Amino acid sequence: MSTAFESYDLSGTSLSNRIVMAPMTRSRAYGEGNSPTELMAEYYAQRASAGLIVTEGTQPSAIGQGYPDTPGIHSDEQIAAWRKVTDAVHAENGVIYLQLMHTGRVGHSTWQGRKPVGPSAVQAKGQIYTHDGMKDFEVPQDLSDAEVEQTIADYAAAARNAIKAGFDGVELHGANGYLIHQFLAPNSNTRTDRWGGSPEARARFAVETAKAVADAIGADRTGFRMSPGNPFNDIDESDRADVEATYTALINGLAPLNLAYLHQMEAPGYRVFTAQARKAWPTTFILNPFTGQAPTGPEELQLLEDGTADLIAYGALFLANPDLPTRLKQNGPFNTPDRAKSFGGDHTGYTDYPTLNA
């Protein structure tokens with residue numbers, strides 16, 4: 001398994017290994033205006049031995065917030081607070097990308113003071129957590145053509161803010177049923193204009209957003225995350241032929257941009273498509289693999305050896321093991337994540353997991 005622990009060149013940035021900390025919402029941005037805190041800086045610095053850290057989803061605009069206490073990157077206060085996080089990670093010789101996540105229709109007027117927005121006025125099935133308890137998803141306001149363009153501009157502005165805050169790059173969250181994914185999926189995007197109606201048109205928002213961000217900060221500092229076939233947040237991608245056509249169009253649109261990487265969260269039964277995506281993608285390919293069991297473990301490092309991916313992303317195991325690369329190298333032991341403390345709260349289940357040398 002030596003490949004996993006070799007250095008890697010990510011579009012000119014040297015990574016100490018090929019192990020990625022996957023983006024994971026933790027809902028602890030208790031600072032002014034949903035700004036990061038000193039505790040968040042400690043959390044990320046603890047995990048700086050990852051070859052690459054991708055932060056929790058961060059809203060590029062106020063309307064992009066979907067959950068309580070998630071951080072933004074659209075105000076001066078947020079930029080200054082994130083700088084403390086990036087400084088802490090860089091002090092430990094880490095590399096950190098900010099994930100930009102607009103939740104789209106998966107939001108609530110509780111946070112935004114107005115209806116959430118989406119590609120179409122199609123309500124997601126299910127409920128969302130608020131400080132007042134669980135609430136049904138609302139019917140979103142469908143974005144006008146001008147509002148789509150403004151949303152793309154918001155992503156680009158947020159990316160520039162991320163670089164001001166000291167991040168090494170940004171990742172566009174095009175997965176898990178959030179705004180970019182909502183444009184990709186036919187059940188949440190029923191438009192018939194240039195932003196919908198065919199696989200190529202549904203992929204346009206993702207591609208145009210990536211172009212705008214790459215123009216703003218450089219393609220070499222821009223990554224993209226996708227999750228074809230993932231039903232999270234009431235996404236229906238059950239038509240396999242349509243899914244493959246849509247994501248082929250997406251990859252074909254993104255590939256000429258020469259982004260830093262493509263990051264796939266793999267759904268069950270998608271390994272063949274993963275291989276096709278990896279073959280079609282011209283730069284670094286990161287895989288957050290489906291294992292059939294949780295969480296992803298040391299066995300998945302073989303995917304680096306056989307060329308399935310260039311980098312492997314770990315989620316839950318990184319929550320509980322701040323020194324995960326060391327533990328993977330010696331095949332454990334591994335702390336067990338406390339799922340009850342994953343979202344919100346204080347330092348418990350967040351920065352109190354022990355390292356091997358503790």
Side-chain angles (χ1 to χ4, degrees), residues 1 3-4 8 10 15 17-26 44 47 49-58 95-101 169-178 180-181 184 206 210 222-233 235 237 243 247 250-251 254 259-281 283-322 324-325 327-328 334 337 339 342:
M1 298 299 180
T3 301
Y8 183 83
L10 178 66
L15 308 184
N17 56 62
R18 299 191 183 203
I19 298 165
V20 176
M21 177 178 167
M24 293 171 284
T25 293
R26 305 307 309 275
Y44 284 112
R47 289 154 179 81
S49 63
L52 171 66
I53 292 173
V54 183
T55 72
E56 62 210 272
T58 301
V95 176
I96 183 167
Y97 271 45
L98 179 76
Q99 188 190 66
L100 294 176
M101 181 181 81
V170 304
E171 176 181 282
L172 294 173
H173 196 349
N176 293 11
Y178 300 118
I180 295 177
H181 198 180
L184 290 165
T222 304
F224 188 95
R225 193 178 210 221
M226 66 178 189
S227 60
N230 179 6
F232 193 61
N233 283 319
I235 290 294
E237 292 182 327
V243 174
Y247 284 89
L250 174 66
I251 292 170
L254 294 176
L259 303 182
Y261 64 77
L262 179 65
H263 182 181
Q264 182 176 337
M265 181 177 178
E266 192 176 54
Y270 269 77
R271 184 56 54 85
V272 171
F273 182 80
T274 296
Q276 295 169 351
R278 199 264 195 277
K279 184 177 180 180
W281 187 250
T283 65
T284 296
F285 185 77
I286 304 175
L287 183 63
N288 195 168
F290 175 75
T291 67
Q293 58 185 4
T296 303
E299 299 82 5
E300 279 66 53
L301 294 179
Q302 180 60 39
L303 297 171
L304 298 173
E305 302 296 325
D306 65 18
T308 300
D310 296 304
L311 306 174
I312 293 293
Y314 287 84
L317 215 57
F318 243 127
L319 297 182
N321 298 277
L324 183 60
R327 292 175 184 266
L328 287 171
F334 300 102
R339 303 282 188 170
S342 290

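Remember, it's a predicted structure, so these values are computed and weren't measured experimentally.
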Between [X] and [Y], a side-chain donor and acceptor under 3.5 Å:
{"X": "Asn321", "Y": "Arg47", "result": "no"}
{"X": "Tyr8", "Y": "Thr284", "result": "yes"}
{"X": "Asn233", "Y": "Asn176", "result": "no"}
{"X": "Glu266", "Y": "Thr274", "result": "yes"}
{"X": "Tyr247", "Y": "Glu237", "result": "yes"}
{"X": "Tyr270", "Y": "Gln276", "result": "no"}

Got a donor-acceptor contact below 3.5 angstrom from the [X] side chain to the [Y] backbone?
{"X": "Asn288", "Y": "Ala313", "answer": "yes"}
{"X": "Asn230", "Y": "Ala267", "answer": "no"}
{"X": "Gln302", "Y": "Glu299", "answer": "no"}
{"X": "Arg26", "Y": "Ser342", "answer": "yes"}

### Message
Pair Phe334, Leu324 - check side-chain contact (heavy atoms from CB on, under 4.5 Å), show working.
### Response
CA-CA 8 Å; Phe334 300 102; Leu324 183 60; 3.8 Å; yes
Would you give the length of the straight line joining atom [atom1] of [X] to atom [atom2] of [Y], rounded to the nearest 0.5 angstrom?
{"X": "Arg278", "Y": "Ile251", "atom1": "CZ", "atom2": "CD1", "value": "12.0 Å"}
{"X": "Leu172", "Y": "Thr222", "atom1": "CG", "atom2": "OG1", "value": "6.5 Å"}
{"X": "Arg225", "Y": "Tyr178", "atom1": "CZ", "atom2": "OH", "value": "10.5 Å"}
{"X": "Arg271", "Y": "Leu303", "atom1": "CZ", "atom2": "CG", "value": "5.0 Å"}
{"X": "Met265", "Y": "His173", "atom1": "CE", "atom2": "NE2", "value": "8.0 Å"}
{"X": "Ser49", "Y": "Asn17", "atom1": "OG", "atom2": "CG", "value": "7.0 Å"}

Does a side-chain heavy-atom distance below 4.5 Å link [X] with [Y]?
{"X": "Ile53", "Y": "Val95", "value": "no"}
{"X": "Glu171", "Y": "Pro23", "value": "yes"}
{"X": "Asp310", "Y": "Leu304", "value": "no"}
{"X": "Pro289", "Y": "Glu300", "value": "yes"}
{"X": "Phe224", "Y": "Leu250", "value": "yes"}
{"X": "Leu259", "Y": "Leu262", "value": "no"}
{"X": "Gln264", "Y": "Ser227", "value": "no"}
{"X": "Phe232", "Y": "His181", "value": "no"}

### Query
Is there a side-chain contact (heavy atoms from CB on, under 4.5 Å) between Val54 and Leu52 once you walk through the steps?
CA-CA 7 Å; Val54 183; Leu52 171 66; 4.1 Å; yes
### Query
Can you check side-chain contact (heavy atoms from CB on, under 4.5 Å) on Gln99 and Val170, steps first, answer last?
CA-CA 6 Å; Gln99 188 190 66; Val170 304; over 6 Å; no
State, to 0.1 Å, how close [X] and [Y] come at their nearest heavy-atom pair, and which atoms those are.
{"X": "Ala4", "Y": "Leu301", "result": "CB-CD2, 3.9 Å"}
{"X": "Gly177", "Y": "Ile235", "result": "CA-CG1, 3.4 Å"}
{"X": "Leu10", "Y": "Ala260", "result": "CD1-O, 3.6 Å"}
{"X": "Gly297", "Y": "Leu328", "result": "C-CD2, 4.3 Å"}

### Query
Between Tyr97 and Tyr261, does the ring centroid distance fall short of 6.0 Å?
yes
### Query
Under the salt bridge (Lys or Arg N to Asp or Glu O under 4.0 Å) test, which residues partner Arg339, sequence neighbours left out?
none
### Task
Please name all residues satisfying side-chain contact (heavy atoms from CB on, under 4.5 Å) with Ala309, sequence neighbours left out, ordered by chain then number.
Phe285, Leu287, Ile312
### Task
Decide side-chain contact (heavy atoms from CB on, under 4.5 Å) for Val20 and Tyr314; before the verdict, give the C-alpha distance in whole Å, the side-chain angles of both, and the deciding distance to 0.1 Å.
CA-CA 6 Å; Val20 176; Tyr314 287 84; over 6 Å; no
